[in-house]
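In what follows, chains carry the letters A, B, and so on, assigned in the order in which the sequence lines appear, proteins first and then strands, with residues in each chain numbered from 1. Model, not experiment: these values are computed from the prediction. For the numbers below, each heavy atom of this structure counts, side chains included, while hydrogens, waters and symmetry mates do not.
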Amino acid sequence: IGEIRRYLRDNNPIRVSRSLRDIAYKALQVRDGLVHRYSKEPTISEIAEELSVPREEVLYALDAIQEPVSLFEPIYH
Amino acid sequence: MKNTMQMRFLSVPDNVGLARVAIAALAGQAPFSLSDIDEIKVAVSEAVSNAIIHGYKGKPDGWVELTGTLDKLGLTIVVEDFGVGIADIEQARQPSFSSDPERMGLGFVFMESFMHGLHVESTVGKGTRVEMQRFATIQGELSRDAQ
Amino acid sequence: MKNTMQMRFLSVPDNVGLARVAIAALAGQAPFSLSDIDEIKVAVSEAVSNAIIHGYKGKPDGWVELTGTLDKLGLTIVVEDFGVGIADIEQARQPSFSSDPERMGLGFVFMESFMHGLHVESTVGKGTRVEMQRFATIQGELSRDAQ
Ligand SMILES: Nc1ncnc2c1ncn2[C@@H]1O[C@H](COP(=O)(O)OP(=O)(O)O)[C@@H](O)[C@H]1O
Ligand SMILES: Nc1ncnc2c1ncn2[C@@H]1O[C@H](COP(=O)(O)OP(=O)(O)O)[C@@H](O)[C@H]1O
Ligand SMILES: [Mg+2]
Ligand SMILES: [Mg+2]
């Protein structure tokens, strides 16, 4: 089992290598591309499919790069 | 595309982020766009922040409950706290009304303008329950799914 | 840095993603690195997938419960289902064991290798409860926080 562990740690295919910022940036680019191509807002699923990143990971990354909690009033300083 | 998620968490400010991310992940299962989801997240942030700031007056040991339900029509969100409650709901919902002079009093206005329905119930000393709907309305997806 | 989140959701495959991001948002409140969080997400995915695939045999109307608790030491996660249960837990935890010949039987191995403690309880016909710990161990944060 020690060997399997080592193998998993070294060769974990599931591990996300791209940074959140990278995913978020690419998602916005893909969105703009799709808007341009189809002249309508794509759904999250369409963006995620084009990026080959799971939907919720795209959303998570976009949330992570978004600073303020509220549009006009950050609640806690 | 029918789904339900219920969650509860402590009234600590960091959990506003937790609520946002969970609701975004659920909303992502419906045909919403990125800007739809941003608006839904703002509405949820405002409701959860109100529960923490006003309902529990910033004390970190209250429970906030968040429920999200997806169906053919869209997303229904309920945010509930068991804190101080609101004496005059109509007044509280007025634009710019806040019981705290430091605050802008726009939380309910955001919820109302970003969602397609807002329903507030509250009992003083018992707590507050805010229910909001958002319809999924992207170009024909809705009617196609509903068939 | 003490916090608790409890959630439950239906046994639909999409909710594995919901569980992953909710746990990631909670874990992000503790001094975990991004790769720590990736590992925690894999462990949660495996436990939640097992609940859906094995516990409820893919039927979408079962409840899966997910609890995350943060304290000074780190993160404790509990995943629970009320499905078929496991007759022989020791056998189920063996590397490469799966009751389904199509599967790899590595879910429990992932949970064990990525977490610092794994505890499985199950009753046939009642359901399964998986508890996992992950200590926060980034350069001195742990001991500093614990003082
Ligand atoms: N969950 C709640 N519990 C108690 N009072 C609340 C709650 N939510 C809102 N309120 C009351 O309603 C008022 C208006 O809320 P809101 O529009 O979000 O503005 P703000 O949060 O800036 O005060 C608050 O000032 C508060 O008095
Ligand atoms: N929540 C659960 N309910 C019922 N059986 C389970 C559950 N989790 C795991 N098992 C059993 O344990 C076995 C091993 O699980 P795992 O290591 O994740 O491998 P796999 O999911 O690839 O079969 C499964 O094949 C299944 O028989
Ligand atoms: Mg407010
Ligand atoms: Mg498995």
Side-chain angles (χ1 to χ4, degrees), chain B residues 1-32 34 37-38 40-41 44-45 48-49 51-52 56 58-72 74-82 136 145, chain C residues 1-32 34 37-38 40-41 44-45 48-49 51-52 56 58-72 74-82 136 145:
Chain B
M1 197 197 41
K2 176 127 188 69
N3 200 357
T4 299
M5 176 229 34
Q6 301 172 343
M7 83 193 275
R8 49 187 216 140
F9 45 78
L10 290 172
S11 50
V12 302
D14 274 345
N15 286 339
V16 177
L18 179 63
R20 289 162 61 89
V21 163
I23 282 295
L26 186 69
Q29 297 176 15
F32 286 117
L34 275 185
I37 291 188
D38 280 341
I40 293 168
K41 279 159 61 181
V44 167
S45 298
V48 172
S49 301
I52 296 173
Y56 295 116
K59 270 184 269 140
D61 59 352
W63 285 109
V64 180
E65 292 191 3
L66 170 66
T67 304
T69 309
L70 273 183
D71 60 20
K72 282 171 202 153
L75 176 62
T76 302
I77 297 170
V78 177
V79 176
E80 194 163 4
D81 69 65
F82 311 92
D145 279 12
Chain C
M1 197 201 34
K2 176 127 187 68
N3 199 357
T4 299
M5 176 233 26
Q6 301 173 344
M7 83 194 277
R8 51 186 215 140
F9 45 78
L10 290 172
S11 50
V12 302
D14 272 345
N15 286 338
V16 177
L18 179 64
R20 287 164 63 87
V21 296
I23 282 295
L26 186 68
Q29 299 175 14
F32 287 116
L34 279 183
I37 293 182
D38 280 341
I40 293 168
K41 280 160 69 181
V44 167
S45 299
V48 172
S49 302
I52 296 173
Y56 294 116
K59 269 184 270 139
D61 58 352
W63 286 108
V64 180
E65 292 191 3
L66 170 66
T67 304
T69 310
L70 274 181
D71 60 20
K72 281 172 203 151
L75 176 62
T76 302
I77 297 169
V78 176
V79 176
E80 194 162 4
D81 69 66
F82 310 92
D145 278 11

(message) Please find the pair of heavy atoms, one from C:N3 and one from B:L10, that lie closest to each other, and give the distance.
(response) OD1-CB, 3.9 Å
(request) With a 4.5 angstrom heavy-atom cut-off, could you sort out which part of C:V21 is near chain B: side chain, backbone, both or neither? (result) both
(message) Quick check on B:N15 against chain C: is it the side chain, the backbone, both or neither that has a heavy atom closer than 4.5 Å?
(response) both
(message) Are B:L66 and C:M7 packed together at the side-chain level, in the sense that at least one heavy-atom pair is separated by less than 4.5 angstrom?
(response) no
(request) Please report the shortest heavy-atom distance between B:L18 and C:A22, naming the atom on each side. (result) CD1-O, 3.2 Å
(request) To the nearest 0.5 angstrom, please state how far the CD atom of C:Q6 sits from the CD atom of B:E65. (result) 9.0 Å
